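Some notes on the structure that comes next.
When a ligand or atom number is given, it counts from 1 through the structure's own listing order. Excluded from the calculations below are hydrogen atoms, water molecules and symmetry mates; all remaining heavy atoms, backbone and side chain alike, are included. Index from 1, following the sequence. All values derive from a computational prediction rather than experimental measurement.
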Amino acid sequence: MLNATGKMQFVTAITILAITLFESSRSEAKKLNVITATTDMAALAQEVGGDRINVESLAKGYQDPHFVEPKPSFLLKLRQADLLISVGLQLEIGWLPPLITQSGNARIQVGAPGYLDASQFAEILDIPTGQVTRAMGDVHPLGNPHYWLDPDNGRRIARGFAQKFGELDPTDTAYFQQRFQDFDKRLSAAEQKWDAAMAPYSGRKLVTYHNSFPNFAKHFHLNVIGYVEPRPGIPPTPSHTIELIGLMKRENCKLVLVEPYFDLKTPNSIGSASGAKVVVYLPSVGGEKQVTNYFELFDYDIALITKAYQSVQ
Ligand SMILES: [Zn+2]
């Protein structure tokens with residue numbers, strides 16, 4: 001038989017057990033289902049969402065985010081999403097809008113609380129001053145959509161995500177804010193390391209295949225002098241390639257960065273004609289298996305770029 005104290009302890013233990021069970025089922029049931037267009041947005045969402053969200057990217061990190069082949073599985077994912085995060089600035093215009101409509105999910109339609117365009121949080125470069133339309137073949141008509149390659153933009157986006165997650169899941173607002181503070185701290189420490197690694201190459205010139213690098217270049221003080229593509233989204237032409245080689249020789253430009261989804265034939269001929277090193281860089285998390293988060297993306301690219309500049313000094 002239990003005495004009064006024993007009974008009290010028993011009741012307390014049962015209560016704690018019940019609360020624990022209730023809490024775990026509650027957080028399991030309440031996890032926000034987040035779908036992102038790209039892996040970089042998924043990586044940043046994961047940083048602040050922790051174990052209170054499920055997050056998955058539609059595009060793979062080795063795919064050109066402008067041109068993603070839609071799969072039936074995308075629709076299944078979109079149907080179950082509480083939140084859809086896009087990069088915006090028309091990056092996904094060729095594949096995502098019809099999927100949003102076809103998903104029939106009212107929560108994630110453009111303008112609904114479950115649709116978030118991450119570009120609103122970031123510093124956007126290359127905003128056209130004149131008239132630019134997609135009819136001209138330019139896939140960056142609203143400014144450069146590859147803005148996540150500046151860690152300061154990563155911080156701004158993560159802050160925006162923490163705010164949005166808290167709006168959709170108010171009971172975990174403090175958790176998301178705390179996760180953001182922790183990310184911010186780790187990112188600042190990493191930035192010091194990255195800035196130091198890149199400092200010796202301040203002002204160095206490079207060419208990129210696609211115009212996907214201006215935010216990285218601005219942050220780390222590199223000078224992008226040209227592109228293998230005549231315009232973003234337009235394949236190389238012989239006349240543009242000849243002009244580019246001439247420019248690189250005059251400017252003593254010794255590095256060509258190529259996104260992993262482009263053919264290396266033209267870059268390699270530019271490299272041999274100009275004496276520049278041609279390197280495949282990763283614009284996105286998941287471009288290679290070992291690059292699994294936002295930090296590893298910068299670690300990978302900075303190691304690659306510093307090594308390339310060392311080899312052509
Ligand atoms: Zn682009």
Is the count of non-hydrogen atoms from other residues, nucleotides or ligands lying under 6.0 Å from Gln290 atom CD greater than 12?
yes

Could you name each residue pair satisfying ring-ring contact (aromatic ring centres under 6.0 Å, His included) that touches residues 266-294, not counting sequence neighbours?
Phe213-Tyr281, Tyr294-Phe298

With ILVMFWY side chains joined below 4.5 Å, transitively, what does Val228's cluster contain besides itself?
Val207, Tyr209, Ile225, Leu244, Ile245, Leu247, Met248, Val256, Val258, Tyr261, Phe262, Leu264, Ile270, Val278, Val280

Within a radius below 2.8 Å of the Zn ion (ligand 1), how many protein N, O or S atoms are present?
4

May I ask you to check whether over 12 heavy atoms, not counting those of Lys77, lie within 6.0 Å of atom NZ?
yes

With sequence neighbours left out, write down each residue that passes ring pair (Phe, Tyr, Trp, His ring centres under 6.0 Å) with His210, or none if nothing qualifies.
His66, His140, His146

On a heavy-atom basis, which atom in Pro283 and which in Leu149 lie closest, and how many Å separate them?
O-CD2, 3.7 Å

